[in-house]
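Taking it in order: structure first as C-alpha cells, then the write-up.
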Amino acid sequence: QVQLVESGGGLVQPGGSLRLACIASQSISDIVAMGWYRQGPGKLRELVAMINSGRSTHYIDSVKGRFTISRDNAKNTMYLQMNSLKPEDTGVYYCNVKVKPEGWPTYDYWGQGTQVAVSS
C-alpha cells in the first residue's frame, strides 16, 4: 500500500552537493526509524544516515559533517542533504522506513533507489 519514491540524484563533480528526497504515498504510522542506504558499484549496501522517531540522527563515519538527514512530516517526505561529495559517495541511494505496529513484527518499506554519481 505504501510506496516510497526517491528523487534528486544525478551526476555531480567532487565537492558538489545534492539533495535527495523520499516521498511517501501517504502518511506512515508506527515509524520507529527511517534512513538512507546506498550501494556502490561492487560494494555491499550500507546504512548512510538514520533518524528515529525522536529525531535523533546517526551517520556512518565517512559522511559525518557532510550529510544531513531530515524529514517533513506534513509533506510525508524525508531528505538527505549531501555536501562536499566525494567519488566514494557514488552509488544507488535507497529510502527506508522501518515500522513496528503493536503486536506485529517489524516491517521495512523501501524505495526503488536514485542514482548518485560523483565524478570529474
Side-chain angles (χ1 to χ4, degrees):
Q1 182 177 351
V2 173
Q3 294 183 351
L4 305 178
V5 179
E6 300 98 335
S7 64
L11 175 63
V12 65
Q13 293 185 349
S17 297
L18 287 172
R19 189 193 193 200
L20 306 183
C22 170
I23 304 175
S25 58
Q26 60 269 319
S27 297
I28 303 173
S29 300
D30 303 310
I31 296 173
V32 295
M34 60 189 74
W36 291 90
Y37 290 73
R38 71 185 178 193
Q39 187 166 18
K43 300 178 181 178
L44 299 175
R45 182 181 295 188
E46 64 179 349
L47 176 66
V48 177
M50 180 177 64
I51 183 168
N52 65 18
S53 59
R55 293 189 177 271
S56 296
T57 58
H58 304 273
Y59 301 91
I60 191 171
D61 285 345
S62 62
V63 309
K64 288 181 178 178
R66 300 188 297 119
F67 290 12
T68 302
I69 187 171
S70 62
R71 67 175 189 246
D72 186 336
N73 291 339
K75 297 180 179 180
N76 298 325
T77 303
M78 179 175 63
Y79 303 95
L80 184 67
Q81 178 67 47
M82 305 185 294
N83 299 324
S84 302
L85 284 162
K86 303 176 180 180
E88 53 262 42
D89 296 319
T90 293
V92 179
Y93 283 69
Y94 298 92
C95 176
N96 169 264
V97 178
K98 186 180 299 293
V99 302
K100 180 60 175 71
E102 186 175 4
W104 293 83
T106 301
Y107 186 84
D108 291 287
Y109 294 102
W110 291 94
Q112 293 300 306
T114 185
Q115 177 70 51
V116 172
V118 185
S119 176
S120 60

**Q.** side-chain contact (heavy atoms from CB on, under 4.5 Å) between Val5 and Gln112, worked out
**A.** CA-CA 7 Å; Val5 179; Gln112 293 300 306; over 6 Å; no
Q.
Run the salt bridge (Lys or Arg N to Asp or Glu O under 4.0 Å) test on Asp30 and Lys100 for me, step by step, so that the C-alpha distance in whole Å, both residues' side-chain angles and the decisive distance to 0.1 Å come before the verdict.
A. CA-CA 6 Å; Asp30 303 310; Lys100 180 60 175 71; over 6 Å; no
(Q) For Asp89 and Lys86: C-alpha separation, side-chain torsions, deciding distance, then whether salt bridge (Lys or Arg N to Asp or Glu O under 4.0 Å) applies. (A) CA-CA 5 Å; Asp89 296 319; Lys86 303 176 180 180; over 6 Å; no
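For the atom pair NZ (Lys64) and OG1 (Thr57), the distance works out to 9.5 Å, reported to the nearest 0.5 Å. Of the inter-residue distances, the one linking Ile69 atom CD1 with Arg55 atom CZ reads 11.0 Å to the nearest 0.5 angstrom. Taken from OG in Ser119 to CG in Leu11, the straight-line distance is 6.5 Å, to the nearest 0.5 Å. Rounding to the nearest 0.5 angstrom, the gap separating the OG atom in Ser27 from the CG atom in Asn73 is 8.0 Å. Separation of atoms CD1 (Ile60) and CG (Leu47) is listed at 7.5 Å; rounding is to 0.5 Å.
The side-chain heavy atoms of Trp110 and Cys95, taken from C-beta on, include no pair separated by under 4.5 Å. Leu4 has its side chain within reach of Val97: a pair of non-hydrogen atoms, C-beta onward, lies under 4.5 Å apart. Side-chain contact between Arg38 and Val92 is absent, with no heavy atoms from C-beta onward closer than 4.5 Å. Looking at Met50 and Asn52, their side chains never come closer than 4.5 Å, going by heavy atoms from C-beta outward. In this structure, the side chains of Cys22 and Trp36 come closer than 4.5 Å at one or more pairs of heavy atoms. Between Pro87 and Pro14, some side-chain heavy-atom pair lies under the 4.5 Å cut-off. Using a 4.5 Å cut-off on side-chain heavy atoms (C-beta onward), Leu18 and Leu85 make contact. Residues Val99 and Thr106 are not in side-chain contact: their nearest non-hydrogen atoms beyond the backbone lie 4.5 Å or more apart.
Val116 approaches Gly9 most closely through the heavy-atom pair CG2-CA, 4.2 Å. In terms of heavy-atom proximity, Tyr94 sits nearest to Gly111 at CD2-O, 3.6 Å. Here the closest non-hydrogen pair linking Gln81 and Ser17 is NE2-CB, 4.1 Å. In this structure, Gln39 and Leu44 approach most closely via the heavy-atom pair CG-C, 4.1 Å.
Aromatic ring pairs are classed by plane angle as parallel below 30°, tilted from 30° to 60° and perpendicular above 60°; the pair Phe67 and Tyr93 is tilted.
Distance alone, capped at 3.5 Å, is enough to place a donor-acceptor pair between the Gln26 side chain and the Gln1 backbone. Side-chain N or O atoms of Thr90 include none that pairs as donor or acceptor with a backbone N or O of Ala117 at under 3.5 Å. Here the side chain of Arg66 pairs a donor or acceptor atom with the backbone of Ser84 at under 3.5 angstrom. At distances below 3.5 Å, at least one donor-acceptor pair connects side-chain atoms of Glu6 with backbone N or O atoms of Gly113.
Tyr79 and Tyr59 fall into different hydrophobic clusters, where Ile, Leu, Val, Met, Phe, Trp and Tyr are joined by side-chain heavy atoms under 4.5 Å apart, directly or via other members. Put simply, Leu80 and Val12 are part of the same group of oily side chains (I, L, V, M, F, W, Y) that touch within less than 4.5 Å, one to the next.
Within the structure, no pair that satisfies the salt bridge (Lys or Arg N to Asp or Glu O under 4.0 Å) test touches residues 11-24, not counting sequence neighbours.
For the residue pair Asp72/Thr77, the side-chain donor-acceptor check at 3.5 Å is not satisfied. Judged by distance alone, the side chains of Tyr37 and Arg45 never bring a donor and an acceptor atom under 3.5 Å apart.
None of Asn96, Val2, Ile31 except one satisfies the side chain to side chain contact (heavy atoms under 4.5 Å, CB included) rule with Tyr109; the exception is Val2.
Checked against side-chain contact (heavy atoms from CB on, under 4.5 Å), Lys43 has the following partners two or more places apart in sequence or in another chain: Glu88.
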